[in-house]
Amino acid sequence: MESHKKTIIYQVLPRLFGNQNSTRKEWGTAKENGVGKLNDFDARILKKIKDMGVTHIWYTGVIRHATQTDYSKSGIPRQDRNVVKGVAGSPYAIADYYDIDPDLATDVDKRMEEFEQLVERTHKVGMKVVVDFVPNHVARQYRSIAKPEGVKDLGEDDNVNMHFSTENNFYYCWGQTMQRGSYVESPAKATGNDQFTANPGQNDWYETVKLNYGIDYCDAGGRSEHFDPIPNTWNKMTDILLFWAAKGVDAFRCDMAEMVPAAFWSWATDKVKFRYPELLFIGEVYDPSQYRTYIGAGFDYLYDKVGMYDCIRDVICGQRRAADITAQWQATNDIAAHMLYFLENHDEQRIASEFFAGDAKKGIPGLVVSAMLNKNPFMLYAGQEFGERGMDKEGFSGTDGRTTIFDYWSLDTLRKGYYGNEKGEGKSEKLPAAAAALARTYKKVLNVALKSRAVAEGKMFDLMYVNPQLGSRIYAFLRRTEGELLLVVTNFSDEDVAADVLIPAHAFEYMNIPEGKAEAEDLLGTSKLKTELKADKPVKVKLKPWSGRVYKFDI
């Protein structure tokens, strides 16, 4: 991939993405509601995703996880429904780290081959492959049937009479039994969200068990670390990373990375990157005080959730001033290249949901800022580009503004956006005009972010400190590289705005901007701008509600 291209990640849940069954029965089975397949990502679909400006596609939930669907005829162990969330099950309750989810296979017996073919197809159209690595916990009934010869299973050699041992892969609750309906576990194992009890609550991650990386959480003196000699789990989990890297996976999105010690990540990423130096690690870390620790431990990118995402969400919802965005990038300025910006993912509510903005168009200025403010990556979630609302009541996942990861379901937006129009199945299968317009906007914004050297490589200059009059609903900044200057102005309000954007003398010096008469084209629209670029003199910009302009000056 060319060095000046920005990383843009598209998250998809294959179980939902290609599913064209529109039954959508609450708590429905795979047979009733249908299920998407890996083979649904054919060359045409992959090219369509790539053309949106995507460089990396994150296939969420491809590794076999706990499910209530019976695949025992294919030799796959059944899971007790009492320790499975939803009929389809959570992709984050891994049942076999070395296997592919049978739901996603056209031929269950050839599920790994189908995954390998998907990796090959994705690479062929010019995109990279991201998969989940879930290091903190596994499904209650974890048992690998696909592990390579000579590999010991997780927990296979554990001493269940010890609460903690560096040779154990799990933690055990002495003399205690866990019982949920017909499911009995004795001795009980600790639960994934650090519940060291036999009776995790309904709101706990009761369907998972915590993996032991050498930390004794219940030591007499409190938490203690035991990393020498190397804990057994470190070797097993690093081998799993190497297994998938050998399949051609280009990046791992590491679930709840901060719940696993940084010492392990330093050790594992070093070993993996020694063999696969281009491979990326993307960490789900929510504590800003730990960002630098985990970047130092080998992570290429970390979620900027509690900083940038939370702020932009509040700006969209009118709960914070647009100028507050400045403080968020400043807080991580020393590690800016490592922060992953996003507006949606499987954990967060959809922009168009009634729990967020209620209208997908209101996300456009946030999209422009998130994709263009810095050099760092941007991620979007399948359906976001069509204004998916996430307001379905699917089953385990109720009406909460999120798209389910637990149930068998389909999304009209994805079906119509990727399949309906192409197949000419009638007016009802066509994407509504508003959704089609939104998708065109996303494509335009992402392709500008992808292809502009000023965005991918250039300097950034925040204009808010000299433009206090803009601070409530307007956000403006410059991006600059040799030969190209971008003036980006966004409107987070529902009114037309005519803004005078002052460019200070310091910006001219810092970015080496020549003064004089200048012309610019709006890369997101058709308008031209004729102005004078002069220190401490404003540039007049007109904006529609919930929009952005990216004026490109060729200088």
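All residue numbers refer to positions in the sequence shown, counting from 1. What you see below is based on every heavy atom in this structure, not just the backbone, and it leaves out hydrogens, waters and symmetry mates.
Within the structure, every pair that satisfies the ring-ring contact (aromatic ring centres under 6.0 Å, His included) test and touches residues 26-53, not counting sequence neighbours, is listed here: Phe17-Phe41, Phe41-Tyr59. Residue pairs that meet the salt bridge (charged side-chain N to carboxylate O under 4.0 Å, His left out) test with at least one member in residues 379-391, sequence neighbours left out, are Glu354-Arg389. Residue pairs meeting the ring-ring contact (aromatic ring centres under 6.0 Å, His included) criterion with at least one member in residues 367-392, sequence neighbours excluded: Phe386-Tyr418. Applying the salt bridge (charged side-chain N to carboxylate O under 4.0 Å, His left out) definition to pairs two or more places apart or across chains, none involves residues 9-20.
For Asn203, the CG atom counts as loosely surrounded, since its 6.0 Å shell holds 12 or fewer non-hydrogen atoms of other residues, nucleotides or ligands. Heavy atoms of other residues, nucleotides or ligands lying less than 6.0 angstrom from CD of Glu278 number 12 at most. Residue-environment remark: NZ (Lys37) exceeds the threshold of 12 foreign heavy atoms within 6.0 Å.
Nearest heavy atom pair, residue Ala456 against residue Lys5, reads CB-C, 4.1 Å. Between Tyr551 and Ser527, the shortest heavy-atom contact is OH-OG, 3.5 Å.
A salt bridge links Lys540 with Asp500: the closest approach of a Lys/Arg side-chain nitrogen to an acidic carboxylate oxygen falls below 4.0 angstrom. Contact check on Arg111 versus Asp99 returns a salt bridge, with a Lys/Arg side-chain nitrogen under 4.0 Å from an Asp/Glu carboxylate oxygen.
Judged by the 6.0 Å distance and 45° axis criteria, Arg313 is positioned over the aromatic ring of Phe356. Geometric assessment of Lys85 against the ring of Tyr206 yields a positive cation-pi assignment under the 6.0 Å and 45° thresholds.
In terms of the side-chain contact (heavy atoms from CB on, under 4.5 Å) criterion, Glu120 has no residue partners (sequence neighbours excluded). The ring-ring contact (aromatic ring centres under 6.0 Å, His included) check on Phe133 picks up nothing, with sequence neighbours excluded. Every residue two or more places apart in sequence or in another chain was checked for a salt bridge (charged side-chain N to carboxylate O under 4.0 Å, His left out) with Lys544, and none qualifies. In this structure, Asp40 has no salt bridge (charged side-chain N to carboxylate O under 4.0 Å, His left out) partners at least two apart in sequence or on a different chain. Listed by chain and residue number, Arg320 satisfy the salt bridge (charged side-chain N to carboxylate O under 4.0 Å, His left out) test with Asp324 (two or more places apart in sequence, or in another chain). In this view, Tyr286 and Glu284 satisfy the side chain to side chain donor-acceptor pair (under 3.5 Å) rule, not counting sequence neighbours. For the side chain to side chain donor-acceptor pair (under 3.5 Å) test, residues two or more places apart in sequence or in another chain that qualify with Gln11 are Thr60, His346. In this view, Tyr71 and Asp103 satisfy the side chain to side chain donor-acceptor pair (under 3.5 Å) rule, not counting sequence neighbours.
Considering CG of Leu543 and CG of Asp522, their distance stands at 8.5 Å, rounded to 0.5 Å. Here the CG-OG1 distance, from Asp70 to Thr29, works out to 12.0 Å after rounding to the nearest 0.5 Å.
In this structure, the side chain of Asn19 engages the main chain of Asn33 through a donor-acceptor pair within 3.5 Å. Using modelled atom types, no side-chain atom of Ser74 and backbone atom of Val108 make a donor-acceptor pair closer than 3.5 Å.
Using the six-membered ring where Trp is involved, Phe342 and Tyr309 have ring planes that are parallel, under 30° apart on the 30 and 60° scheme.
For the side chain to side chain donor-acceptor pair (under 3.5 Å) with Tyr408, the lone residue among Asn21, Thr23, Thr69 that qualifies is Thr69.
Taking the ring centroids of Trp244 and Phe115, they lie under the 6.0 Å cut-off.
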